[in-house]
Amino acid sequence: MTIVLQSSNLLNSSTSCRRGLIRGNTNIPNNQTFKISLPKLQRRARLAQEQELISVFSTNGSPIEKRISPSRRRDPLMIEKLYAIKEAVADRVEMHRNIGEQRSQWNSMLLTSINGITLAAATMVGIAATSSAGDSVLGLKMSSTLMYLAATGMLVAMNQIQPSQLAEEQRNAARLFQALHNQIETTLSIGHPSSVDVKEAMDRVLALDKAYPLPLLGVMLEKFPSSVEPAVWWPQQRRRQTKRVNDNWNGWNGKLEEEMKEIMGVLGRKDQEEYVRLGEKALKFNKFLAMSGPLLTGLAAVGSAFADHSHHGSWAARVGIVGGALASVVNTLEHGGQVGMVFEMYRSNAGFFQYMQESIESNLTETEMERRENGEVFELKLALKLGRSLSDLRNLAAASLSKGEEIDEFASKLF
């Protein structure tokens, strides 16, 4: 019989072929005729091949097919876990922002209220000292004394919690949680999430929760510590997972390692040390103001209680008036100037420089290059965080290498 094979386009072969009909004669039992379509066979072959290929589209839209190993395929379970962590982080960002705004309002309202009470009490003492009516003077003296005592109690509570410092803590927490949220988004977009990524994200969330707690009672950070320590909001540095690299050195070389060592030294000797020193000064000044305010209002309360027309009473009235006025000045300087916020800012900046040093050290101490972060990418990130260009960063390392500890320049140009 005759078999007819129809093809619109046949690939080159060693046999002669042409468009149209290709006829071949063979003997087949039962004298039956079969029609086989070559395009269908080609589609089946392509489907089998596509199971081992992925199509990656370049910017001009042309497909580029790359083979991937099973170990590099995206794990749906890990992606689902990272999305769950991402949602929790987004919720924390919103919580810390809201609570930060609330505690900033606490600072403004308490400052206004205490100053209003203190100045009103001082005015009453002045009126009582110049009045001659017995019952009215007694009422003014009692009222001013009670108002001074109330202001003293409110000042003690306000100085203990430091609302401006609480607000700065929440602002820092919101910023750091937002950075973690962005990092998770990047991992989900261009990476291949693994159990290591999930564990690292969880550790960072818990470390931030510990560094910047939301409650006030029991877990609130110490507002007047005995010594200034840099803020720590990151978990212990872990070894990175092995990854494929384009070269054997993963962007690192001897010169880059030497530059990183010099920059790490400048960060520790200059930047971190400077902000710890400034933090100690801010802490001492804040302690002085926190003790002076309640002491002055307490003295003013005693003076207002004994104010009268006598010689000793006039001096008591002066103490009541001047003490109240000075207490308002001290309170405005401490909480209006937000000295607690300044201390927390210095402490956080010192922590940032310590984090940069630990990041550099963790890369340099890792002997397996494929476990390090890419050297060129790491150098770029470090330059951006320090507010420098790449050439400026290298010049800083060269200056540190030549001058050593005598270098006057700070590593960071941002703050």
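Note that these values count all heavy atoms, side chains included, but never hydrogens, waters or copies made by symmetry.
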Discussion item. Let me confirm one number: the CG-CG distance from Leu382 to Leu393, rounded to the nearest 0.5 Å.
Written reply: 5.0 Å
Discussion item. A side-chain contact here means heavy atoms from C-beta on lying under 4.5 Å apart; do Trp315 and Val319 qualify?
Written reply: no
Worksheet item: In Å, rounded to the nearest 0.5 Å, how long is the span from CG of Leu149 to CD1 of Ile117?
Response: 11.5 Å
Practice prompt. Please step through salt bridge (Lys or Arg N to Asp or Glu O under 4.0 Å) for the pair Lys413 and Asp392, ending with a clear verdict.
Written response: CA-CA 11 Å; Lys413 287 189 173 181; Asp392 197 12; 2.8 Å; yes
Worksheet item: Passes side-chain contact (heavy atoms from CB on, under 4.5 Å), Thr112 versus His335? Steps please.
Response: CA-CA 10 Å; Thr112 303; His335 299 290; over 6 Å; no
Item to complete: Could you go through the side-chain contact (heavy atoms from CB on, under 4.5 Å) check for Phe177 and Met95 one step at a time?
Response: CA-CA 11 Å; Phe177 270 116; Met95 282 193 300; over 6 Å; no
Worksheet entry | Row check, Phe410 ring normal vs Lys270 NZ/CZ: under 6.0 Å, within 45° | yes
Worksheet item: With a 4.5 Å heavy-atom cut-off, do Gln160 and Lys223 have their side chains touching?
Response: no
Worksheet item: Has Glu376 got more than 12 heavy atoms of other residues, nucleotides or ligands less than 6.0 Å from its CD?
Response: no
Practice prompt. Would you sort out whether Trp233 and Phe352 count as a side-chain contact (heavy atoms from CB on, under 4.5 Å), showing the intermediate values?
Written response: CA-CA 9 Å; Trp233 62 81; Phe352 168 76; 4.0 Å; yes
Fill in: Over all atoms of both residues, closest heavy-atom pair of Leu386 and Ala411
CB-O, 3.8 Å
Worksheet entry | Heavy-atom closest pair, residues Ala327 and Gly293 | CB-O, 4.2 Å
Practice prompt. Determine the minimum heavy-atom distance between Gly337 and Val342, stating which atoms define it.
Written response: O-CG2, 4.5 Å
Discussion item. So Glu168 and Gln165, do their side chains get closer than 4.5 Å, heavy atoms only?
Written reply: no
Worksheet item: Do you know which of Glu334, Gln338, Met341 makes side-chain contact (heavy atoms from CB on, under 4.5 Å) with Gln162?
Response: Glu334
What pairs of donor and acceptor atoms, side-chain ones from residues 96-103 against any protein atom, are under 3.5 angstrom apart with sequence neighbours left out?
unit_1 : atom_1 : unit_2 : atom_2 : d
His96  : ND1    : Gln170 : OE1    : 2.5
Asn98  : ND2    : Glu94  : O      : 3.2
Arg103 : NH2    : Leu214 : O      : 2.6

Fill in: Residue pair Thr332, Asn115: steps toward the side chain to side chain donor-acceptor pair (under 3.5 Å) verdict
CA-CA 8 Å; Thr332 302; Asn115 279 351; 2.9 Å; yes
Fill in: Whether Asn250 side chain and Glu370 backbone form a donor-acceptor pair below 3.5 Å
no
Worksheet, complete the sentence: Smallest heavy-atom separation, Thr152 atom then Gly298 atom, equals OG1-N, 3.5 Å
Discussion item. I'd like to know if the side chain of Arg372 reaches the main chain of Glu366, judged simply by a donor and an acceptor atom lying under 3.5 Å from each other, with no hydrogens or angles considered.
Written reply: yes
Worksheet item: So, are Asp209 and Arg92 salt-bridged, with charged N and O less than 4.0 Å apart?
Response: yes
Discussion item. Please determine whether the number of non-hydrogen atoms from other residues, nucleotides or ligands lying under 6.0 Å from atom NZ of Lys81 exceeds 12.
Written reply: no
Discussion item. Walk me through whether Arg277 and Glu280 qualify under salt bridge (Lys or Arg N to Asp or Glu O under 4.0 Å).
Written reply: CA-CA 5 Å; Arg277 184 182 65 83; Glu280 290 175 349; over 6 Å; no
Discussion item. Using side-chain heavy atoms (C-beta onward) and a distance below 4.5 Å, is Ser348 in contact with Tyr212?
Written reply: yes
Discussion item. What I want to check is whether the side chains of Ser194 and Asp75 have a donor and an acceptor closer together than 3.5 Å.
Written reply: no
Worksheet item: Hey, mind stepping through Lys381 and Glu373 against salt bridge (Lys or Arg N to Asp or Glu O under 4.0 Å) and telling me if it holds?
Response: CA-CA 11 Å; Lys381 289 181 179 179; Glu373 187 174 357; 2.8 Å; yes
Discussion item. One thing to verify: whether Arg394 and Glu262 come together as a salt bridge, which I'm taking to mean a side-chain N less than 4.0 angstrom from a carboxylate O.
Written reply: no
Discussion item. Just verifying a value: how many Å separate Asn349 CG and Tyr275 OH, rounded to the nearest 0.5 Å?
Written reply: 5.0 Å
Item to complete: Give the C-alpha distance, both sets of side-chain angles, the deciding distance and a yes or no for salt bridge (Lys or Arg N to Asp or Glu O under 4.0 Å) between Glu258 and Lys255.
Response: CA-CA 5 Å; Glu258 189 66 27; Lys255 182 180 179 182; over 6 Å; no
Worksheet, complete the sentence: One should read off an interatomic distance between Ile114 CD1 and Leu119 CG, to the nearest 0.5 angstrom, of 12.0 Å
Discussion item. Tell me if a side-chain donor or acceptor on Ser143 pairs with a main-chain N or O of Leu140 at a distance below 3.5 Å.
Written reply: no
Worksheet entry | Exceeds 12 heavy-atom contacts within 6.0 angstrom, atom CE of Met142 | no
Worksheet item: Could you state the interatomic distance from CG (Leu278) to NZ (Lys281), rounded to the nearest 0.5 Å?
Response: 7.0 Å
Worksheet entry | Asn253 atom CG, over 12 foreign heavy atoms within 6.0 Å | yes
Worksheet item: Heavy-atom count around Glu80 CD within 6.0 Å, excluding the residue itself: above 12?
Response: no
Discussion item. Tell me the closest heavy-atom pair linking Gly268 and Gln357, and the distance in Å.
Written reply: CA-OE1, 3.4 Å
Discussion item. Counting neighbours of CE on Met154 that are heavy atoms of other residues, nucleotides or ligands and sit closer than 6.0 Å, is the number greater than 12?
Written reply: yes
Worksheet item: Looking only at side chains, do Ser328 and Thr118 share a donor and an acceptor under 3.5 Å apart?
Response: no
Fill in: Heavy-atom side-chain proximity of Leu267 to Gln272 below 4.5 angstrom
no
Practice prompt. For residues Ser400 and Ile263, determine if any side-chain heavy atom of one lies less than 4.5 Å from a side-chain heavy atom of the other.
Written response: no
Worksheet item: Would you say Lys403 and Asp408 make side-chain contact, with heavy atoms under 4.5 Å?
Response: no
Discussion item. Quick one: does any side-chain atom of Tyr346 pair with a main-chain N or O of Glu274 as donor and acceptor, under 3.5 Å?
Written reply: no
Discussion item. Does the Lys NZ or Arg CZ of Arg204 fall within the cation-pi geometry relative to Trp234 - under 6.0 Å from the ring centre and within 45° of the axis?
Written reply: no
Practice prompt. I would like to know whether Ile184 and Tyr83 meet side-chain contact (heavy atoms from CB on, under 4.5 Å); could you show each step before the answer?
Written response: CA-CA 8 Å; Ile184 294 175; Tyr83 268 111; over 6 Å; no
Worksheet, complete the sentence: Between Ser359 and Asn363 the two heavy atoms that sit nearest each other are O-ND2, 2.9 Å
Worksheet item: To the nearest 0.5 Å, how far apart are CG in Leu326 and CD1 in Ile321?
Response: 12.0 Å
Discussion item. Side chains of Gln354 and Pro230, heavy atoms from C-beta outward: is any pair under 4.5 Å?
Written reply: yes
